[in-house]
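Quick note: numbers below take in every heavy atom, side chains included, and nothing from hydrogens, waters or symmetry partners.
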Amino acid sequence: MEVVVTWQGDQRFRAVTRAGAELVVDGESAGGPSPMETLQIALATCMGIDIVDILGKGRQDVTACVLRVSGSRSEKPPHRFTALHLKVEVSGRNVTINKVDRAIKLSRDTYCSVWNSMAPDIDLSFEVELLEAASA
């Protein structure tokens, strides 16, 4: 796996994946997400992919999934995350909270490569909101 990151001036960099997908990352959050926001995005999308996939395999009728990530950072350099909180909002028909909780646990403990690449002392907490989708 490789990405190429090229400086674009100021604190802005353009990242290009092997498949050609592009992302602008900006330390000032003007032309794109900052590196720390990008890390939050990576965590949320990695866990979201796992959660939706696990729920689908468990025959849960998921119609939407929104993850909101907030974080606390150290006051001293390198200002790393010390805690992250994910609010997971799942909408669907007859989706059970037990299945959502299990999907989150499996993602966190086994499948999410982003979370499992981060420092193990970061406090990770979750909040789940389960919404019933309208009948078709």
Side-chain angles (χ1 to χ4, degrees):
M1 175 182 297
E2 178 182 85
V3 296
V4 176
V5 178
T6 307
W7 180 47
Q8 302 293 294
D10 295 324
Q11 294 184 14
R12 191 170 297 149
F13 287 80
R14 182 173 139 264
V16 181
T17 68
R18 184 180 60 208
E22 295 185 27
L23 171 68
V24 173
V25 178
D26 187 343
E28 297 173 345
S29 296
S34 72
M36 295 303 278
E37 290 168 330
T38 304
L39 184 57
Q40 288 177 293
I41 292 166
L43 176 63
T45 54
C46 187
M47 294 195 86
I49 289 165
D50 291 341
I51 290 165
V52 169
D53 185 55
I54 292 165
L55 290 172
K57 288 178 179 173
R59 302 192 196 293
Q60 298 293 288
D61 187 10
V62 175
T63 58
C65 182
V66 176
L67 293 93
R68 301 177 194 279
V69 187
S70 57
S72 300
R73 295 176 63 187
S74 170
E75 300 223 358
K76 296 181 181 179
H79 305 291
R80 70 184 195 88
F81 282 117
T82 56
L84 290 162
H85 180 78
L86 273 76
K87 180 176 182 183
V88 182
E89 300 169 5
V90 177
S91 298
R93 293 176 196 84
N94 302 312
V95 176
T96 67
I97 192 71
N98 290 342
K99 297 263 183 154
V100 174
D101 287 342
R102 179 179 174 275
I104 291 170
K105 182 175 178 7
L106 282 169
S107 178
R108 180 193 62 221
D109 296 346
T110 306
Y111 296 112
C112 181
S113 53
V114 173
W115 172 247
N116 284 285
S117 296
M118 295 173 73
D121 64 339
I122 297 173
D123 180 36
L124 180 63
S125 61
F126 295 90
E127 175 183 349
V128 175
E129 184 174 350
L130 193 56
L131 306 168
E132 189 68 24
S135 298

Measure the spacing between [atom1] of [X] and [atom2] of [Y] and express it to the nearest 0.5 Å.
X: Thr63; Y: Arg93; atom1: OG1; atom2: CZ; answer: 5.5 Å
X: Ile41; Y: Thr45; atom1: CD1; atom2: OG1; answer: 8.0 Å
X: Gln8; Y: Arg14; atom1: CD; atom2: CZ; answer: 6.0 Å

Search all heavy atoms of [X] against all heavy atoms of [Y] and return the closest pair with its distance.
X: Ser74; Y: His79; value: O-ND1, 3.1 Å
X: Val24; Y: Arg12; value: CG1-CG, 3.4 Å
X: Leu39; Y: Val114; value: CD1-CG1, 4.5 Å
X: Ser29; Y: Glu37; value: OG-OE1, 3.1 Å
X: Cys112; Y: Asp50; value: N-OD2, 3.2 Å

**Message:** If the test is side-chain contact (heavy atoms from CB on, under 4.5 Å), which one of Asp123, Thr82, Ile122 qualifies with Ser72?
**Reply:**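 Single pass found, and it is Thr82.
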
**Asked** Only one of Leu67, Leu84, Thr38 clears side-chain contact (heavy atoms from CB on, under 4.5 Å) with Leu43; which?
**Response**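 Among Leu67, Leu84, Thr38, the one that satisfies the side-chain contact (heavy atoms from CB on, under 4.5 Å) with Leu43 is Leu84.
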
**Message:** Do Leu86 and Leu124 have side chains that approach each other closer than 4.5 Å (heavy atoms only, starting at C-beta)?
**Reply:**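 Yes, close enough: below the 4.5 Å cut-off.
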
Are [Y] and [X] connected in a single hydrophobic cluster, I mean Ile/Leu/Val/Met/Phe/Trp/Tyr linked by side-chain heavy atoms less than 4.5 Å apart?
X: Val95; Y: Ile97; result: yes
X: Val62; Y: Phe126; result: yes
X: Ile51; Y: Val128; result: yes
X: Phe81; Y: Val25; result: no
X: Phe13; Y: Val3; result: yes

**From CA spacing to verdict: side chain to side chain contact (heavy atoms under 4.5 Å, CB included), Arg80, Asp121** = CA-CA 11 Å; Arg80 70 184 195 88; Asp121 64 339; 2.6 Å; yes

Atom [atom1] of [X] with >12 non-hydrogen neighbours under 6.0 angstrom:
X: Arg102; atom1: CZ; value: no
X: Glu22; atom1: CD; value: yes
X: Arg73; atom1: CZ; value: yes

**Prompt:** By the rule that ILVMFWY residues connect when side-chain heavy atoms come within less than 4.5 angstrom, directly or transitively, which residues belong alongside Tyr111?
**Reply:**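 Direct or chained contacts put Tyr111 with Ile54, Leu106.
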
Whether [X] side chain and [Y] backbone form a donor-acceptor pair below 3.5 Å:
X: Thr110; Y: Ser107; answer: no
X: Glu129; Y: Glu127; answer: no
X: Gln60; Y: Thr96; answer: yes
X: Glu132; Y: Asn94; answer: yes

**Request:** Please test His85 against Ser70 for side-chain hydrogen bond (donor to acceptor under 3.5 Å, both in side chains), starting from the C-alpha separation and ending with a verdict.
**Result:** CA-CA 5 Å; His85 180 78; Ser70 57; 5.6 Å; no

**Message:** Salt bridge check, Asp101 against Lys105: does any charged N sit closer than 4.0 Å to a carboxylate O?
**Reply:**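 No salt bridge links Lys105 with Asp101.
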
